[in-house]
Amino acid sequence: MGKVELDIGVDPELLAQAKRLRISVAGMSETQLRLHLQKIDPAGAEERARRWAEENAEAIKEHNERIARRGLISDHFRKW
């Protein structure tokens with residue numbers, strides 16, 4: 001039985017980093033690639049995380065303020 005080709009979406013930044021590091025991404029999912037890059041290029045992973053936090057700072061702030069005002073959806077499950 002032959003293999004079927006499958007198109008999957010992968011973060012282009014991850015692909016660019018893999019290409020820079022000459023890593024073959026054949027057979028890797030985005031999650032596997034992300035984990036592999038974290039191991040071999042932790043500075044690159046930290047930079048991506050820093051940029052993500054910076055780009056999403058306003059949404060994170062609004063989310064935290066909403067939680068402070070209303071509490072968590074799951075608060076009624078807590079016994080304490």
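Keep in mind the model is a prediction, meaning the values are calculated, not measured.
- For the pair Asp41/Gln17, a side-chain contact is recorded, criterion being any heavy-atom separation below 4.5 Å from C-beta on.
- Within a 6.0 Å radius of CD1 in Ile73, no more than 12 heavy atoms belonging to other residues, nucleotides or ligands are found.
- Apart from Leu72 itself, the hydrophobic cluster it occupies contains Ile67, where clustering links Ile, Leu, Val, Met, Phe, Trp and Tyr at side-chain heavy-atom distances under 4.5 Å.
- No more than 12 heavy atoms of other residues, nucleotides or ligands sit less than 6.0 Å from atom CZ of Arg70.
- Closest approach of Pro42 and Ile40 over heavy atoms only: CD-C, 3.6 Å.
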| salt bridge (Lys or Arg N to Asp or Glu O under 4.0 Å) assessment of Arg50 paired with Glu54 | CA-CA 6 Å; Arg50 185 197 63 74; Glu54 186 177 284; 2.9 Å; yes
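- Considering Gln38, Gln32, Glu30 in turn, Glu30 is the only one that fulfils the side chain to side chain donor-acceptor pair (under 3.5 Å) rule with Arg34.
- Taken together through direct or relayed side-chain contacts under 4.5 Å among Ile, Leu, Val, Met, Phe, Trp and Tyr, Ile8 and Leu14 form part of one hydrophobic cluster.
- Residues in residues 59-69 take part in no side chain to side chain donor-acceptor pair (under 3.5 Å) pair, two or more places apart or across chains.
- Distance CG/Leu35 to OG/Ser29: 8.0 Å, rounded to 0.5 Å.
- In this structure, Val25 and Leu15 have side chains that are in contact, with non-hydrogen atoms separated by less than 4.5 Å.
- Of all heavy-atom pairs spanning Leu33 and Ala18, the tightest one is CD1-CB, 4.1 Å.
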